[in-house]
Each structure stands twice: as structure tokens, then as C-alpha cells.
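So the structure is just underneath, and the comments pick up after that.
Just so it is clear: chains get the letters A, B, ... in the order the sequence lines come, proteins before strands, and each one is counted from 1. Computed from a prediction, not measured in an experiment: that's the story for all the values here.
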There are 2 protein chains.
Amino acid sequence: MPTTPRTAYAHFCMLAKALERLGDRWALLVVRDLLTGPKRFTDLMDRLGGITPRTLTQRLRDLEADGLVQVDREPGRREVWYRLTPAGLDLAPALDELALWGLRHLAAPPAPSEPAHPEHLLRSVRLVLDRAGIDVGPATWVVRTLDRDDAFTLRGRDGRWSLVAQAASDPDVELLGTRRDLALYLATRPQARAAGHPGVTMRGDEREIGRFLDALAVFPPLSTGPASHATAGQQTGGLVD
Amino acid sequence: MPTTPRTAYAHFCMLAKALERLGDRWALLVVRDLLTGPKRFTDLMDRLGGITPRTLTQRLRDLEADGLVQVDREPGRREVWYRLTPAGLDLAPALDELALWGLRHLAAPPAPSEPAHPEHLLRSVRLVLDRAGIDVGPATWVVRTLDRDDAFTLRGRDGRWSLVAQAASDPDVELLGTRRDLALYLATRPQARAAGHPGVTMRGDEREIGRFLDALAVFPPLSTGPASHATAGQQTGGLVD
DNA sequence: CTGGATCCATGATGATACTG
DNA sequence: CAGTATCATCATGGATCCAG
């Protein structure tokens, strides 16, 4: 009979109970990376850059025991696929709010040592466009990474926006570049985006690219209050000065 | 020159950056308890039951350094008051989403060893009423704890709801009880609430109490998916069987 | 090659007692 | 009231090794 584990807060509070499951280091980042679809152990190791295999194993076991992750092991197949259960998928709104908070208060250009992936920013872009109800007509935009052949489709219609980790066949605009270049481009402040970005190719006719730039003008959102983070300093309206 | 601290993920991801500030044990619970207003060190020690003074000191220092908490020290006064900065207050939506997720997937009656405070549930009640757009006419409901003399006012009008940690002077309904009894009452499933609860006094005329019960019928919300938590078992529509 | 396990080092947290 | 001091324990990081 286990006594209350170390990670328990013993509060009658749903936030505390949630954090008992999600508060361990790396746990929410594992969920984040599984939100875009099932992944293998090594896929996660790659994306979570910095986690040790022992910790990843531990997190996946914990999340499985808590019913957030399901493990697909098929006999005769080497790969083990990890995917979110409905309860795990249901964390998306909470992760979105945390990411938006980070965007409002901690936005900063990527350090040279930081691996940059466009998908994290794309999730925030989708959310910001959706919340703002931006409507520039039906839009299908594809972002394709050249160094890893990932692709994402951002679709908008009637002010609602969706993001899927797959390339649509008929994009109005297509962005091509390395993961880092694409992330840097999305992190540029809106006014500078029309000029393009080194390493990023934009395909699509001028009118379509114009719609893309118009919609993206709301990203990133401005901080609601004064930039009160001690090291954040100036708020220029972009992630990059 | 400090190298990247242990708590850094070194990802260009706003969620990761947020978790670098908020991911330490107890950190978000400190924010939670400061969301209802400024508190003293010992107030926080009391509410956070289980935290050690060393850890609380550490968290408050970290949060202060990150610009989420401001410390009010007045010369000649013993007490030190901690309050959230605008950036700290801006975490409310994220904490709300996490608490709602906990409510949907981890709801369980309070264990006998769990101190129960009504305020955490009241935050969720406000949010659920507000999201559902419940409109039962202008409503002012006061919840008053007898064992600590805390009071909260839940106000609704035109489907919008607010919660403040203070007693309104003209409540339509007033609930009185110990912190535990009030929490247990709010955790009851809606159908059982009309019968009242031992230790909880409800003041107000019958019609007003009827409005109160009608509105509260949407709390707690049902889980979106099947109750997939390994230990959660049945979902009865209430926190208490 | 994937999916881990093992060993050790270290930093973060808990328990308890004490103090300006 | 608002912490600090000390010691113990546990979780995580880093490196390496191993089995199917």
C-alpha cells in the first residue's frame, strides 16, 4: 500500500490534481509533440532534444499509467508507436493557453543554440488567427521543411482555422525552407514579412501571398500588460528585432 | 556567466519557455493562490499545505525574478505581501484550462486527508457558468466560510459571471459552512444539491435558491471523451457518488 | 538500428529545527 | 511573521551499454 507519492499535493483542487499528472519535467512537452500525431520513441527523442532516454521512458510510462498516452506495440513489428488518448488530446486547450502566455510575455528570437521547429509557432499562429476570427476568404497554406520533409497545412474559412501535419495537394501559398529558416520567418515581425526571408521560398501568385501576409499581420499578438518580465525588455510587436 | 540552467529546455517554443518559468513544483499553485488577491508568506504556507518554507521562499524568489510576483515590503511593517504582476495575472486563462481538464478527467471526491477549500471549485464554477452562458437573471451569491471567515461573491448577469474574494452586501443567496462542508456541497452532483448538505446553511428565499440550483446544474461539466483515466472509473456527472 | 537499461553525479525538494 | 540552517532523499542529467 503506497503512501501518498512524492508528487502528490493532497489538495482538493483540480488544478493540483492535474499538475500531479502533468507537472513532471518534460511531461507536457511529450504531450505537445504527440498532439501532432503518433510518434516513435526515437522520433520523440529527436524532437525533445535534450531529454535522456531514461527520462523519456519514465514519462511515457507515467503518461500511459495515467491514461493520457496509449502504446501501440504490434507483434512482429519493431517500432513502438505512442499516441494520445482522448484525455490526452483534451489537453490541447490548456497547452494552447500556456503557449500563448509564453508568446505574450517571453517572446524572444531563437538563440543560436536553440533548435527551431516551425510547428510550435504554427500552432500558435493557428490559434491567434482563429481567436481573432481573421477571414481573408478560403485559404490553404502549406509549410514544408526541406531538412526533414515535414509538412503542415494551415486552412482558414469563415474565420475558423485548422492546422494538420500533412501537406494539402492544392495550396494557395507554399512556404519552403529548413526548419530553422521557416521558424525564423514566422518569428519575424509582421511589417518585415513581405520582404521574405533568406532561405525561405514562397510559392503562389502575388494575390495569394498578399492574403497570406494580411492574415499573418495579427501574429504575434501583443502582450496585454507592460512587458514586465525582468529580462524581456522591449516589446517590438515581433519575436525578432 | 551561468551556462544554461538545468531548468532550461533550449527549445524555440513558447510552451517550453513558459514551462521553464512555471514548471517547478508548487510554482503554479503559488500563482493559483495569489490569483485571489495578495497574500502574506504564512497565508500561502497555510493554503499550500505541505510546502516547506524553504521551497516557498525559493518559488517566490523565482517568480519575482521572472516578473510574475511583486513583493511589497514596507519599512517598519513586519508583514510582507506578495501579489501578482500583470504578467502573473495573465496566467489565469492557462490555469483555468488546466483546472477544467482536471475537472473533466480527474474528478473525485475529496479524500479524508485532503483539506478542501471552496475557492478552487468556485473558480471552476464561475468559468463553467460563464462558458455555458448561463443566464438566470441578475444574480449575486455569497459563499462564506465559518472556520476562517473567508467570503466569495459569484455574480452573474446576461450570461457573464464573475468571482471576487469578498462578500457582497446584498446577496440573493448566501451559503454558510466550513470550508470542507462548502467544498463537499459544491462537489455534490447537481441532482442531489436541492436537498442541501449537512453543515451548509442556505439563506435566501425559495425562488432565489431555485435560480441558484438551476444555474449550478451545469456543474461539474461532463468529460468530453470516455473516462479514460486508469483510476478514475465511473463518471457519474458529479464529483461525489 | 530501435528501444530501452544501468551506473553514477548532482541539483531539487522534503523534514525538522531554529532565529531575527 | 518571515523566513534560514541542516540533513536526508529523490528525480533528473550524462554517459555508456545491451537485447531483439
Side-chain angles (χ1 to χ4, degrees), chain A residues 2-11 16 19-30 33-34 38-66 69-83 113, chain B residues 2-11 16 19-30 33-34 38-66 69-83 113:
Chain A
T3 60
T4 54
R6 186 188 164 69
T7 56
Y9 289 111
H11 288 197
L19 293 174
E20 287 173 8
R21 268 75 178 189
L22 306 168
D24 283 335
R25 191 158 158 72
W26 296 103
L28 283 178
L29 296 186
V30 171
D33 282 350
L34 289 177
K39 304 267 181 307
R40 292 172 301 180
F41 191 88
T42 42
D43 295 332
L44 291 169
M45 281 295 290
D46 178 44
R47 283 158 173 271
L48 288 168
I51 197 173
T52 64
R54 169 173 171 77
T55 303
L56 180 55
T57 299
Q58 186 68 44
R59 283 304 151 271
L60 289 168
R61 296 275 186 277
D62 293 344
L63 291 170
E64 185 188 7
D66 285 333
V69 161
Q70 178 166 346
V71 188
D72 294 342
R73 300 171 193 273
E74 283 187 21
R77 177 156 55 80
R78 293 173 64 96
E79 305 97 297
V80 180
W81 288 83
Y82 296 91
R83 64 183 184 82
S113 63
Chain B
T3 60
T4 54
R6 190 181 111 64
T7 56
Y9 290 110
H11 289 198
L19 293 175
E20 287 173 7
R21 268 75 179 187
L22 306 167
D24 284 336
R25 190 157 158 74
W26 298 103
L28 283 178
L29 296 187
V30 172
D33 282 350
L34 290 177
K39 303 267 182 306
R40 293 171 300 180
F41 191 88
T42 43
D43 295 333
L44 291 169
M45 282 295 291
D46 178 45
R47 283 154 175 271
L48 288 167
I51 196 173
T52 65
R54 171 177 171 75
T55 303
L56 180 55
T57 299
Q58 187 68 46
R59 282 306 152 270
L60 288 168
R61 298 277 184 277
D62 293 343
L63 291 169
E64 185 188 6
D66 285 332
V69 161
Q70 178 166 346
V71 188
D72 294 341
R73 302 171 193 273
E74 282 188 22
R77 178 157 55 77
R78 278 180 74 98
E79 302 98 315
V80 180
W81 290 83
Y82 295 91
R83 63 183 185 83
S113 63

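Under the side-chain contact (heavy atoms from CB on, under 4.5 Å) criterion, A:Thr42 pairs with A:Arg40, sequence neighbours left out. Not a single salt bridge (Lys or Arg N to Asp or Glu O under 4.0 Å) links A:Arg73 to another residue, sequence neighbours left out. By the side-chain hydrogen bond (donor to acceptor under 3.5 Å, both in side chains) test, B:Asp62 pairs with B:Gln58, B:Arg59, sequence neighbours left out. In this structure A:Arg54 satisfies the salt bridge (Lys or Arg N to Asp or Glu O under 4.0 Å) test with no other residue, sequence neighbours excluded. Shown here are the salt bridge (Lys or Arg N to Asp or Glu O under 4.0 Å) partners of A:Arg61, two or more places apart in sequence or in another chain: there are none. In this structure A:Arg47 satisfies the salt bridge (Lys or Arg N to Asp or Glu O under 4.0 Å) test together with A:Glu119, A:Asp150, sequence neighbours excluded. Applying the side-chain contact (heavy atoms from CB on, under 4.5 Å) criterion to B:Arg77, with sequence neighbours excluded, gives B:Glu74, B:Glu79, B:Trp81.
For the pair A:Asp62 CG and D:dA11 P, the computed distance is 10 Å after rounding to whole Å. In this structure, A:Asp24 places its CG atom 11 Å from P of C:dT13, rounding to the nearest Å. Atom CG in A:Leu60 sits about 11 Å away from atom C1' in C:dG4, given to the nearest Å.
The residue A:Thr57 sits close only to the backbone: its heavy atoms come under 4.0 Å of sugar-phosphate atoms, none of a base. B:Arg54 comes within 4.0 angstrom of a base, heavy atoms only. At a threshold of 4.0 angstrom between heavy atoms, the contacts of A:Thr42 are confined to the sugar-phosphate backbone, with no base atom among them. Within the 4.0 angstrom heavy-atom criterion, only backbone atoms of the sugar-phosphate kind lie near A:Glu79; the bases stay farther away.
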Atom pairs under 3.5 Å, N or O on each side, protein against nucleotides 16-20 of chain D: can you list them with distances?
residue, atom, partner, partner atom, Å
D:dG20, N2, A:Arg78, NH1, 3.2
D:dG20, N2, A:Arg78, NH2, 2.1

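For the helix from C:dC1-D:dG20 to C:dG20-D:dC1, the end axes, each set by the C1' atoms of five terminal pairs, are bent relative to each other by 40° (nearest 10°).
Each of B:Arg61 and A:Trp26 lies near DNA chain D, and the nucleotide nearest B:Arg61 is the one positioned closer to the 5' end.
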